[in-house]
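In the text below, chain A, chain B and the rest are named by the order of the sequence lines, each starting its count at 1. Computation of the quantities below employed the complete heavy-atom set of this structure, encompassing side-chain atoms and omitting hydrogens, waters and symmetry-equivalent molecules.
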There are 2 protein chains.
Amino acid sequence: MPADTAASAKFTPRQSAVLAEALRLLVEGGDKALTTSGLARAANCSKESLYKWFGDRDGLLAAMISFQQSKVRTSDRSGERLSAEALREHLEVFARDLLDVLAGDVSLALNRLAIGQSSRDGSKLGKLLLEHGRREIDRRARALIDAGKRSGLLRFADADEAYHTFYGLVVSDLHVRMLLGETGLKDNGRQAQKAVDAFIALHGTQKDSGEAPRASAAR
Amino acid sequence: MPADTAASAKFTPRQSAVLAEALRLLVEGGDKALTTSGLARAANCSKESLYKWFGDRDGLLAAMISFQQSKVRTSDRSGERLSAEALREHLEVFARDLLDVLAGDVSLALNRLAIGQSSRDGSKLGKLLLEHGRREIDRRARALIDAGKRSGLLRFADADEAYHTFYGLVVSDLHVRMLLGETGLKDNGRQAQKAVDAFIALHGTQKDSGEAPRASAAR
DNA sequence: GAAGAACCGTACCGTACGGTACCTATTCCG
DNA sequence: CGGAATAGGTACCGTACGGTACGGTTCTTC
């Protein structure tokens, strides 16, 4: 039993390679391009192995989600003490990371897949994606927001509500637009900055020590 | 319900009936349930007619989007003079309408369809959905926001940015969650109210350093 | 009332998918 | 060394789809 990372604990290296190839196919051509025959051909494995490892096609899809998310690790360095500037910086980094993740082609492809399947499988993949995929990033955001409150820098009644507000400010309709195939998206860094400005304006305790960023936000 | 309004201008009544049936099938069982044979059977028409009217399957899907959106008319009663209360009221109504539209099963089904196809058709359906589907609601929102600014009740640099902020506050991640199949969603009215509170706190002219006036209303 | 268009129902075709079966090659391990 | 386990290659099956063709039926129109 190798002391591997938790990532490859659930899958053998061979299986991981096959899953990576499956993700590549999915990203390239959508779920129509992800056929068992095609995957077997592209990954140099047999269909029989696929069915042995993953059961059926849905099992394969679930494994792909699990595999991809086991690779995503959020850096959780929220133990430090927070100044107002540090909080703003952390929020901005988080917002930018969130947008980058959502805009990633693998994430988009998996979300498209789960959304497409949600009508016919009782949204099993959707649940998987929401629960396992967002847990990490949610925890990180909530830790950050809680730390902001503990440090007296943020003020809100319900942390959950505050987080959803922040999420909405950061993402707006960008996620759905990207899912629909819109390509020309704005600068993530700029969007993150504006969202953080608005969030702090809403829930910050100290009334703006200079609204410079927001005032110069002419686009 | 099916009177010959401007809705059915582009399609004959028979075609409209078939498209309505197609939407029903799509809502019921997702895009897998929307087969040409199935539609012909369910709508009591022949496959030949389908191909004659719509060209091919993609043409049918595009026609469905066009048909559905020709039925959605937003009540645009934004000509009046605005008081602060009227603005808040209008914003809340708009937010609730927006959430209701996004949560509608036909909207969800069409968005799922377009998202599923976006990988393989160059997001033609996605463009259609975004351009024709959101134009109405966008115009209404922008008119409202502009009116707010003209009346001196709102303050912002860029109306587009302000609208996107509002959209994010209203919708947050609810749309994607619903697309992924999450069922238990919160009360739209309450979500709309909170979003309007936050938006006015951000962009209202009478800025107070306290919470929004009725932020502690229903909870 | 008949010519003709529109349309319905059905049968049909080629294709491609998910899934299974069978056979071989490599590897592992006593 | 040799047998079991694992995995690759391929051929195959049933099914269901998109799309087409054709005969019969209804509706329009002159």
query = Near DNA chain D, under 4.0 Å by heavy atom, which residues of residues 116-124 of chain B?
reply =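 Those residues whose heavy atoms fall under 4.0 Å from DNA chain D, taken from residues 116-124 of chain B, amount to none.
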key: Residues touching DNA chain D, which here means a heavy atom under 4.0 Å, drawn from residues 19-33 of chain B   =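 Per residue number, the list is empty: none.
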message = Less than 4.5 Å apart, side chain to side chain, heavy atoms only: is that true for L108(A) and R112(A)?
response = yes
key: Side chains of L39(B) and L50(B) in contact at under 4.5 Å (non-hydrogen atoms)   =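 Counting from C-beta outward, L39(B) and L50(B) do come under 4.5 Å.
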query = Counting only side-chain N and O atoms of R14(B), is one of them less than 4.0 Å from OP1 or OP2 of dC8(C)?
reply = yes
request  = Would you please confirm or rule out a distance under 4.0 Å between OP1 or OP2 of dG18(C) and any side-chain N or O of T36(A)?
outcome  =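 The answer is yes; a side-chain N or O of T36(A) sits under 4.0 Å from OP1 or OP2.
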key: SB check R190(B) E161(A) (cutoff 4.0 Å)   = yes
ask   = Hey, is E131(A) close enough to R135(A) for a salt bridge, meaning N to O under 4.0 Å?
value =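 Salt bridge between E131(A) and R135(A), a charged N being under 4.0 Å from a carboxylate O: no.
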key: Interatomic spacing from CZ in F166(A) to CG in L98(A) - rounded to 0.5 Å   =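 Output value for this atom pair is 8.0 Å.
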ask   = What is the distance from atom CG of L180(A) to atom CG of N111(B), rounded to the nearest 0.5 Å?
value = 5.5 Å
query = In residues 39-49 of chain B, which residues come under 4.0 Å of DNA chain C by heavy atom?
reply =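 Nucleic-acid contacts, sorted: N44(B), C45(B), S46(B), E48(B), S49(B).
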task = Could you please name the option among dA6(C), dG8(D), dG19(D) that lies closest to any side-chain atom of W53(A)?
result = dG8(D)
